Undergrad: 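This structure is in structure tokens; I'll ask about it shortly.
Letters A, B, ... are given to chains in the order of the sequence lines, protein chains preceding strands, and every chain is numbered from 1. These numbers were taken from a predicted model, which means no experiment stands behind them.
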Number of protein chains: 2
Amino acid sequence: MSMRLPAPARREQILDVSVQVFARNGFHSTSMNDVADAAGVTKPVLYQHFDSKQDLYLALLEEAGNRLRTAVAKAVASASNGKEQTELGFKAYFRWVADDHDAFLLLFGSRANRDEESTTTIRRITAETAHAIAPLIAADIEPEHQRTLAHGLVGLAEGVSRHLVERGELFDPNVLGQQIADLAWAGLRAVHRNG
Amino acid sequence: MSMRLPAPARREQILDVSVQVFARNGFHSTSMNDVADAAGVTKPVLYQHFDSKQDLYLALLEEAGNRLRTAVAKAVASASNGKEQTELGFKAYFRWVADDHDAFLLLFGSRANRDEESTTTIRRITAETAHAIAPLIAADIEPEHQRTLAHGLVGLAEGVSRHLVERGELFDPNVLGQQIADLAWAGLRAVHRNG
DNA sequence: CCACGCGGTTACCCTGGAGTAACCTATGTG
DNA sequence: CACATAGGTTACTCCAGGGTAACCGCGTGG
């Protein structure tokens with residue numbers, strides 16, 4: 001019952017609203033009617049902008065993934081040495097979580113409710129993030145193992161974030177990022193020494 | 001069309017088979033008929049042993065969670081100093097992942113497909129694991145922060161495991177556990193120093 | 001040898017929710 | 001001012017799949 005909107009604006013609005021609804025309730029517990037209601041519109045309108053529920057959901061994942069990826073990539077690129085890369089990278093990650101936290105829940109929240117294709121998409125995003133992290137890890141170990149550690153660090157950040165976000169706790173991305181970066185950096189050096 | 005079984009045996013068999021099916025396809029993409037087929041039986045039989053699909057699924061989560069919890073708790077209890085606790089704890093975790101890896105996927109795989117109640121259960125299991133880990137972390141920091149770091153370490157192990165298990169890679173729990181424990185231990189000391 | 005009960009099956013009901021066909025109406029343009 | 005069209009709605013169709021009622025037959029004990 002909200003006023004009429006030009007198509008592209010409506011599309012954006014639907015995307016905005018959907019992130020929230022899906023993040024809160026997960027894919028399967030959210031009906032297209034729920035989304036429509038939240039957007040103040042009726043179902044067929046959704047289908048004018050997206051082919052299917054899947055399609056809408058994947059668009060959301062894709063956008064969220066892009067925001068995450070660019071945030072981290074930019075931060076890492078702006079640093080000179082490894083330690084600084086680690087710090088800026090983690091800070092950027094946690095800043096993204098704080099700013100865009102419905103998107104975080106959508107991708108990594110424990111409500112995820114994923115099916116085949118969404119799973120693939122999310123795995124890809126995780127893998128890409130890990131890929132961006134991998135160079136931080138000493139280059140003189142087997143690449144396979146390097147990737148494994150990278151996934152560990154992604155999981156580290158994810159675990160911390162999930163805990164904080166799902167409990168609705170506030171946090172300063174810079175402070176948190178610094179600490180987790182310290183942990184990661186010192187940890188990696190230890191692995192390197194003992195490996 | 002398999003032969004008849006006494007009720008408790010059938011119940012066990014259903015549980016065994018279900019873990020695999022649900023782990024592979026997730027909750028929503030698995031129908032009760034799928035489970036029944038996999039068990040070589042028909043739907044009503046399932047309902048003689050479990051009240052609902054939910055009920056069956058929760059039973060699986062609960063069992064998997066227990067196995068994880070006891071494995072880690074036992075290992076940690078058998079150690080004397082903090083460093084050894086960390087090592088044995090991670091080794092036990094990765095051994096569990098390797099042995100019981102359908103259960104791992106069920107709890108933490110990227111297919112999870114959870115709804116309200118399952119989410120709660122899994123959060124509880126994660127929180128319990130974190131709780132078991134928390135004492136490893138220097139006691140002279142705020143408990144809130146201690147818990148956050150504990151969740152980070154759980155995420156670290158989870159991220160590593162998910163990467164390996166979902167790619168079907170083999171790994172030696174002892175070697176891997178030692179490395180990740182090194183990482184965690186050195187990392188925590190660094191946080192403590194700089195914090 | 002018969003009956004009874006336990007393990008099992010067939011065949012159904014019924015709801016939620018994805019997707020759509022047909023229709024309506026505000027708005028800006030000649 | 002009429003009318004074209006983009007934006008929106010009402011009122012369906014249709015089916016996957018959770019859950020169940022009613023029935024079947026093997027095997028064991030009286």
Undergrad: Please report the closest heavy-atom contact between B/Val17 and B/Ala38, naming both atoms and the distance.
TA: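 For B/Val17 and B/Ala38, the tightest heavy-atom pair comes out as CG1-CB, 3.4 Å.
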Undergrad: Hey, can you pull the donor-acceptor pairs under 3.5 Å for the side chains in residues 185-193 of chain B, sequence neighbours left out?
TA:
from: B/His192; atom 1: NE2; to: B/Asp140; atom 2: OD1; distance (Å): 2.9
from: B/His192; atom 1: NE2; to: B/Asp140; atom 2: OD2; distance (Å): 3.0

Undergrad: Go through the structure and list residues passing side chain to side chain contact (heavy atoms under 4.5 Å, CB included) with A/Ala64, not counting sequence neighbours.
TA: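 Applying side chain to side chain contact (heavy atoms under 4.5 Å, CB included) to A/Ala64 gives A/Arg67, A/Ala103, A/Leu107.
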Undergrad: I need the residues from residues 28-37 of chain B with at least one non-hydrogen atom less than 4.0 Å from DNA chain D; give them sorted by number, or say none.
TA: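 Under 4.0 Å from DNA chain D: B/Thr30, B/Ser31, B/Met32.
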Undergrad: Using a 4.0 Å heavy-atom cut-off, does A/Pro44 contact any base of the nucleic acid, only the sugar-phosphate backbone, or nothing at all?
TA: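 It contacts base atoms.
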Undergrad: Would you mind reading off the distance between B/Arg11 atom CZ and C/dC6 atom P, rounded to a whole angstrom?
TA: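 Nearest whole value for this atom pair: 18 Å.
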Undergrad: Kindly give the atom pairs (protein nitrogen or oxygen, nucleotide nitrogen or oxygen) under 3.5 Å for nucleotides 23-30 of chain C.
TA:
from: C/dT25; atom 1: O2; to: A/Arg4; atom 2: NH2; distance (Å): 3.0

Undergrad: Could you give all pairs that pass the ring-ring contact (aromatic ring centres under 6.0 Å, His included) test and reach residues 112-145 of chain A, with sequence neighbours left out?
TA: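 Qualifying pairs: none.
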Undergrad: Could you list by number each residue of residues 47-61 of chain A showing a heavy-atom separation from DNA chain C of less than 4.0 Å, or answer none if no residue does?
TA: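 Within residues 47-61 of chain A, the residues near DNA chain C are A/Tyr47, A/Ser52, A/Lys53.
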Undergrad: Tell me which pairs pass ring-ring contact (aromatic ring centres under 6.0 Å, His included) where either residue lies in residues 107-130 of chain A, with sequence neighbours left out.
TA: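 As it turns out, the ring-ring contact (aromatic ring centres under 6.0 Å, His included) pairs with a partner in residues 107-130 of chain A, which skip direct neighbours, are A/Phe104-A/Phe108.
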Undergrad: Determine which pairs satisfy ring-ring contact (aromatic ring centres under 6.0 Å, His included) with at least one residue from residues 31-63 of chain A, sequence neighbours left out, and list them in order.
TA: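 Those involving residues 31-63 of chain A are A/Phe22-A/Tyr57, A/Phe27-A/Tyr57.
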Undergrad: Let's see if you can work this out: which of D/dT10, C/dG7, D/dG18 has an atom nearest to the side-chain heavy atoms of B/Ala7?
TA: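 Of the options given, the side chain of B/Ala7 lies nearest C/dG7.
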Undergrad: State plainly whether one hydrophobic cluster holds both B/Val35 and B/Leu15, where clusters connect Ile, Leu, Val, Met, Phe, Trp and Tyr through side-chain heavy atoms under 4.5 angstrom apart.
TA: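 Hydrophobic grouping puts B/Val35 with B/Leu15.
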Undergrad: ring-ring contact (aromatic ring centres under 6.0 Å, His included): which pairs involve residues 157-183 of chain B, sequence neighbours left out?
TA: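 Of all non-adjacent pairs touching residues 157-183 of chain B, those that pass ring-ring contact (aromatic ring centres under 6.0 Å, His included) are A/His151-B/His163.
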Undergrad: Check the distance between C/dG8's C1' and B/Gln13's CD and give it to me in whole angstrom.
TA: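 Answer to the nearest Å: 13 Å.
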Undergrad: Below 3.5 Å, can you tabulate the donor-acceptor pairs from side chains in residues 87-96 of chain A to any protein atom, sequence neighbours excluded?
TA:
from: A/Glu87; atom 1: OE2; to: A/Gln178; atom 2: NE2; distance (Å): 3.2
from: A/Lys91; atom 1: NZ; to: A/Gln178; atom 2: OE1; distance (Å): 3.1
from: A/Arg95; atom 1: NH2; to: A/Asn174; atom 2: OD1; distance (Å): 2.7
from: A/Trp96; atom 1: NE1; to: A/Asp100; atom 2: OD2; distance (Å): 3.0

Undergrad: Counting only side-chain heavy atoms from C-beta out, which of D/dT9, C/dA18, D/dG18 sits nearest to B/Lys43?
TA: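 Given the options D/dT9, C/dA18, D/dG18, the side chain of B/Lys43 is closest to D/dG18.
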Undergrad: In whole Å, I'd like the distance from the CG atom of A/Leu5 to the P atom of D/dT5.
TA: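 Taking atom P of D/dT5 as the reference, CG of A/Leu5 is at 22 Å.
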Undergrad: Taking the side chain of B/Arg10 as its heavy atoms from C-beta onward, which of D/dT9, C/dA18, C/dG8 lies nearest to it?
TA: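 Of the candidates, C/dG8 comes closest.
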Undergrad: Just to verify, what does A/Ser29 make a side chain to side chain contact (heavy atoms under 4.5 Å, CB included) with, not counting sequence neighbours?
TA: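 Counting only residues at least two positions away or on another chain, A/Ser29 forms a side chain to side chain contact (heavy atoms under 4.5 Å, CB included) with A/Asn25, A/Asn113.
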Undergrad: Under the rule for salt bridge (charged side-chain N to carboxylate O under 4.0 Å, His left out), what residues qualify as partners of B/Arg124, not counting sequence neighbours?
TA: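 Result, salt bridge (charged side-chain N to carboxylate O under 4.0 Å, His left out) vs B/Arg124: B/Glu62, B/Glu128.
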